[in-house]
**Q** 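Got a structure for you, questions after.
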There are 2 protein chains.
Amino acid sequence: MSTANITVRERIRKHFTALTKSERKFAAYLLEEYPSAGLASITVVAKQADVSTPTVARMVQKLGFKGFPQFHQALLTELQAKVQGPAERRANWASEAPEGHLLNRFTQAITRNLEQTLANVDTAQFDAAAAQLADISGRLYLVGGRITRALADYAFTHFQAVRPRITHMTSSSASWPHYVLDMAAGDTLLLFDVRRYEANLQRLAELAAARGVRIVLITDQWLSPVAEVADYSFSCWVEIPSAWDSNISTMMLLEALIAAVEERNWDETQGRYERLEQLFEATRLFQKPVRQ
Amino acid sequence: MSTANITVRERIRKHFTALTKSERKFAAYLLEEYPSAGLASITVVAKQADVSTPTVARMVQKLGFKGFPQFHQALLTELQAKVQGPAERRANWASEAPEGHLLNRFTQAITRNLEQTLANVDTAQFDAAAAQLADISGRLYLVGGRITRALADYAFTHFQAVRPRITHMTSSSASWPHYVLDMAAGDTLLLFDVRRYEANLQRLAELAAARGVRIVLITDQWLSPVAEVADYSFSCWVEIPSAWDSNISTMMLLEALIAAVEERNWDETQGRYERLEQLFEATRLFQKPVRQ
DNA sequence: GTATGCGTGAAAATTTCTTTCCATATGCGC
DNA sequence: GCGCATATGGAAAGAAATTTTCACGCATAC
């Protein structure tokens with residue numbers, strides 16, 4: 001492991017004096033276009049540097065590699081490390097917590113889930129889905145499963161403030177057919193389905209799709225079968241060291257969508273917030289905010 | 001050339017529904033550690049993803065590559081482009097999103113909120129609160145406000161799997177007195193209150209406290225007045241560039257608490273999960289999970 | 001001028017990787 | 001419960017890569 005951490009570049013510098021003329025030719029070529037010049041097969045690389053394959057093979061051995069594949073792998077690892085960026089993975093968020101504390105382990109898993117989820121969002125699809133959700137010419141239906149019912153509820157509360165014409169389909173699937181009856185082309189169905197995927201939701205999605213309803217699906221990384229009929233699907237990474245799945249990334253995607261819809265309909269949304277504020281005031285349901 | 005510019009990640013997204021179970025397994029593995037997981041030889045890659053080489057070969061063809069080498073090359077090119085590109089693109093956060101895209105702005109705010117929230121958790125208090133929530137000698141009551149009702153609902157669903165003796169107090173505050181009537185010393189009340197703080201919740205908390213109920217409060221950074229009577233309070237950072245507050249950090253704290261309770265009561269919890277599983281099986285409410 | 005030794009690359013030998021074929025397993029509809 | 005369709009991985013064939021061998025060229029020393 002002692003020599004494992006030095007870069008190929010450093011190895012070349014270190015052994016340069018021991019290299020022969022052709023080998024130096026190849027070394028120069030590699031450094032010229034580092035490290036991409038070394039990423040093809042030995043045959044291709046050798047040809048491009050205008051030396052023979054044995055020359056390259058001998059040289060990488062001089063550099064301390066067992067063979068060309070090992071050399072190739074080393075370059076790859078370097079490149080990968082570069083992309084990963086500063087290795088300061090936010091490991092210690094819960095700064096006060098001891099190393100192995102649950103909070104830290106949990107945080108690490110969550111961070112990774114959020115990263116993965118975001119990396120896998122197709123921006124164009126996100127924008128299109130936001131536009132669909134913002135389209136108030138049709139109704140917006142919300143529905144979730146056993147676990148995600150709470151998310152659908154949360155979505156309902158927020159979308160209510162952002163746009164009119166919303167229906168929260170209760171989790172009692174017996175009543176779903178009644179809702180489907182009123183669905184029409186141009187309507188939107190925002191559907192949550194994480195494992196274990198529920199057959200009822202799939203049937204609902206199929207019925208809705210058949211009526212020309214656009215479906216936005218928020219699911220997990222293993223993709224609910226509803227994705228088959230959904231117009232827009234988003235995968236959220238949900239694994240945590242636990243018997244159940246985390247829905248933090250799911251929630252994040254939901255909030256991001258709400259924010260996007262809000263931004264899109266801002267002119268109208270603003271007015272709604274003001275009216276909502278006045279209504280709260282009128283009903284005296286809520287106390288004055290502490291700040292702001 | 002028309003299809004040359006889309007990333008492998010996008011290809012996977014696009015074709016995911018057409019993939020079989022094993023192929024998805026490989027796809028998931030690749031996305032998990034992208035793109036390095038796909039850079040070894042097909043044999044190695046397949047073995048690490050625990051699928052057969054033919055599966056991988058078939059899949060890359062489905063993605064539109066002629067063969068594995070072409071797929072391999074595409075990943076390599078992506079990686080190179082990434083390195084060549086704008087020097088320090090921030091890690092993997094929504095890597096495909098343009099700089100000023102809402103997704104990126106949103107993510108930044110969320111990251112900050114999570115950091116702040118975690119930095120402000122007192123580990124000892126967290127552990128103590130978890131112990132309180134895990135104490136099944138008393139009842140556990142759950143309640144939330146207008147917005148946080150959804151979180152209380154989510155908490156209810158999960159705590160149900162983890163421990164017995166739970167009561168979800170519905171948001172209709174008219175019925176709260178009935179619940180209070182049955183509260184006794186040794187019971188626990190998990191209460192969510194974020195701005196705008198609700199007078200009803202405060203009164204409920206006072207009544208419960210008077211009856212000797214231990215109160216765990218999850219609130220925002222400005223602290224609900226309920227904190228006065230709560231035994232344990234946690235502040236979650238909730239500000240995002242939007243007219244409303246984000247509850248992602250709130251959700252995170254909640255999930256962390258659930259995880260902590262689960263870990264604490266694991267012996268009993270495990271049995272509950274198994275029974276739950278059997279009940280699901282019996283009611284046939286749910287489809288078979290895709291994986292695991 | 002000849003002999004010696006090192007560097008070099010063509011080509012063979014070998015290893016490794018990729019693809020194809022096929023038997024088995026698995027799930028699904030009837 | 002049966003038969004069909006599809007998915008899966010073992011194994012072999014085929015392809016490509018890497019390594020080794022070896023003969024030649026070239027420089028240097030005597």
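Naming: A, B, ... by sequence-line order, numbering from 1 per chain.
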**Q** Would you check, one step at a time, whether the test side-chain hydrogen bond (donor to acceptor under 3.5 Å, both in side chains) holds for T157(B) with R146(A)?
**A** CA-CA 8 Å; T157(B) 309; R146(A) 186 177 71 94; over 6 Å; no
**Q** Would you please say whether a donor-acceptor pair under 3.5 Å links the side chains of Y197(A) and Q202(A)?
**A**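 Q202(A) and Y197(A) do not have a side-chain donor-acceptor pair below 3.5 Å.
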**Q** Counting side-chain heavy atoms from C-beta on, which of dT20(D), dT18(D), dC17(C) comes nearest to F68(A)?
**A**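 Out of dT20(D), dT18(D), dC17(C), the nucleotide with an atom closest to F68(A)'s side chain is dT18(D).
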**Q** Could you state the CD-P distance from E23(A) to dG7(C), rounded to the nearest angstrom?
**A**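 Taking atom P of dG7(C) as the reference, CD of E23(A) is at 8 Å.
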**Q** Tell me: NZ of K66(A) to C1' of dT15(C), nearest whole Å?
**A**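 It works out to 10 Å between those atoms.
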**Q** Are OP1 or OP2 of dT8(C) and a side-chain N or O of S22(A) less than 4.0 angstrom apart?
**A**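 Answer is yes, contact under 4.0 Å.
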**Q** Please say whether the positively charged group of R11(B), taken as NZ for Lys or CZ for Arg, lies over the ring of F71(B), i.e. under 6.0 angstrom from the six-membered ring centre and within 45 degrees of the axis.
**A**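 Geometry flag: not set, cation outside 6.0 Å or 45°.
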**Q** Nearest to the P69(B) side chain among dT18(D), dT18(C), dG9(D), which nucleotide is it?
**A**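 The nucleotide sitting nearest to the side chain is dT18(C).
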**Q** Distance check needed: dT18(C) C1' versus Q73(B) CD, whole Å only.
**A**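 Roughly 16 Å, once rounded to whole Å.
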**Q** Nearest-Å distance, CE (M59(B)) to P (dA7(D))?
**A**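 Rounded to the whole Å, the gap is 14 Å.
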**Q** Between dT8(D), dT20(C), dT20(D), which nucleotide gets closest to the side-chain atoms of S52(B)?
**A**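 The closest nucleotide is dT8(D).
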**Q** When we call it a touch if two heavy atoms are under 4.0 Å apart, what does T43(B) touch: a base, just sugar-phosphate, or nothing?
**A**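 Counting heavy atoms under 4.0 Å across all strands, the contact made by T43(B) includes a base.
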**Q** With a 4.0 Å cutoff (strictly under), does any side-chain N or O of S41(B) reach OP1 or OP2 of dC17(C)?
**A**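 It does, given that an N or O in the side chain of S41(B) lies less than 4.0 Å from OP1 or OP2 of dC17(C).
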**Q** Among dT8(C), dT8(D), dT19(C), which nucleotide has an atom closest to any side-chain atom of R58(A)?
**A**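 Closest nucleotide among those given: dT8(C).
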**Q** With a cut-off of 6.0 Å (strictly less than), are more than 12 heavy atoms of other residues, nucleotides or ligands near NZ of K47(A)?
**A**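 No, the 6.0 Å shell around NZ holds no more than 12 heavy atoms from other groups.
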**Q** Determine whether the side chains of E78(A) and T7(A) contain a donor N or O and an acceptor N or O closer than 3.5 Å.
**A**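 E78(A) vs T7(A): no donor-acceptor pair found between side chains.
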**Q** What is the distance, rounded to the nearest whole Å, between atom NZ of K47(B) and atom C1' of dT18(C)?
**A**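 Nearest whole value for this atom pair: 15 Å.
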**Q** Select one nucleotide: of dG10(D), dT8(D), dT8(C), the one nearest the side-chain heavy atoms of T20(A).
**A**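 Shortest atom-to-atom distance from the side chain points to dT8(C).
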**Q** Measure from CG on L19(B) to C1' on dT6(D) and round the result to the nearest Å.
**A**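 Distance check: L19(B) CG to dT6(D) C1' gives 15 Å.
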**Q** Of the nucleotides dG10(D), dT18(D), dG9(C), which one has an atom closest to the side chain of P54(B)?
**A**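 Per side-chain heavy atoms of P54(B), the pick is dG10(D).
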**Q** I need the CD1-C1' distance between I42(A) and dG9(C), as an integer number of Å.
**A**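 After rounding, the gap between these two atoms is 13 Å.
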**Q** How many Å lie between CD on Q70(B) and P on dT18(C), as a whole number?
**A**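 Taking CD of Q70(B) and P of dT18(C), I get 10 Å after rounding.
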